[in-house]
Amino acid sequence: MATEETQVDMKKIDEMSYREASQELERIIRNLESGELELEESLEGYSRGVELLKSLRERLADAEQKVSVLVKDVDGADVLEPAQAADEDDSLSF
């Protein structure tokens with residue numbers, strides 16, 4: 001993760017939008033999968049990726065708690081039901 005991407009990596013995760021964080025995570029994964037990084041860069045990228053994934057999961061969990069699905073009950077009245085939690089089996093595997 002040289003030059004331009006290093007500057008992106010320096011941005012604090014909590015200051016990033018969900019999209020920015022997920023795009024950075026994708027870049028990190030591509031770089032790690034390329035096999036072209038030095039050991040230190042790979043370790044740094046992996047560590048950053050773990051932090052990004054943790055943040056993304058927390059944000060998604062917070063959003064899921066806020067989302068409700070509007071459903072009509074038998075009488076036709078509107079009823080709010082909590083949404084189902086997303087599958088959390090999205091572990092990083094390299």
Side-chain angles (χ1 to χ4, degrees):
M1 289 184 274
T3 62
E4 188 177 316
E5 290 182 6
T6 303
Q7 293 175 351
V8 173
D9 288 344
M10 295 311 210
K11 189 170 185 182
K12 291 183 180 179
I13 293 173
D14 60 347
E15 294 175 357
M16 301 173 84
S17 69
Y18 187 90
R19 176 175 288 189
E20 288 173 322
S22 65
Q23 288 173 340
E24 183 179 342
L25 180 58
E26 288 175 21
R27 269 193 312 277
I28 289 170
I29 291 169
R30 280 194 307 271
N31 287 335
L32 290 170
E33 288 176 341
S34 77
E36 296 178 8
L37 299 176
E38 295 293 328
L39 176 61
E40 294 81 9
E41 291 175 311
S42 293
L43 292 172
E44 186 178 306
Y46 184 83
S47 177
R48 176 76 173 181
V50 168
E51 291 175 28
L52 286 163
L53 182 60
K54 180 181 176 189
S55 173
L56 290 168
R57 282 183 174 169
E58 288 172 357
R59 294 179 198 194
L60 189 57
D62 288 344
E64 286 174 343
Q65 290 178 355
K66 295 175 184 175
V67 174
S68 295
V69 179
L70 187 60
V71 179
K72 298 283 183 186
D73 72 3
V74 178
D75 298 328
D78 293 336
V79 178
L80 290 176
E81 295 182 4
Q84 295 284 333
D87 182 11
E88 293 184 13
D89 187 25
D90 60 349
S91 58
L92 279 177
S93 58
F94 301 100

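Remark: R48 CZ to L32 CG distance equals 13.0 Å, nearest 0.5 Å. To the nearest 0.5 Å, the span separating CG on L37 from OH on Y46 amounts to 14.5 Å. For the atom pair CG (L60) and OG (S22), the distance works out to 11.0 Å, reported to the nearest 0.5 Å. One finds the CD atom of E33 at 12.0 Å from the CD1 atom of I28 (value rounded to the nearest 0.5 Å).
Under the side-chain contact (heavy atoms from CB on, under 4.5 Å) criterion, E58 pairs with K54, sequence neighbours left out. The side-chain contact (heavy atoms from CB on, under 4.5 Å) test applied to S34 returns E36, not counting sequence neighbours. Take E20 and apply the side-chain contact (heavy atoms from CB on, under 4.5 Å) test, not counting sequence neighbours, and it matches K11, M16, S17.
Distance alone, capped at 3.5 Å, places no donor-acceptor pair between the S55 side chain and the L52 backbone. In this structure, the side chain of S47 does not engage the main chain of L43 through any donor-acceptor pair within 3.5 Å.
Within a 6.0 Å sphere centred on CD of E38, other residues, nucleotides and ligands contribute 12 heavy atoms or fewer.
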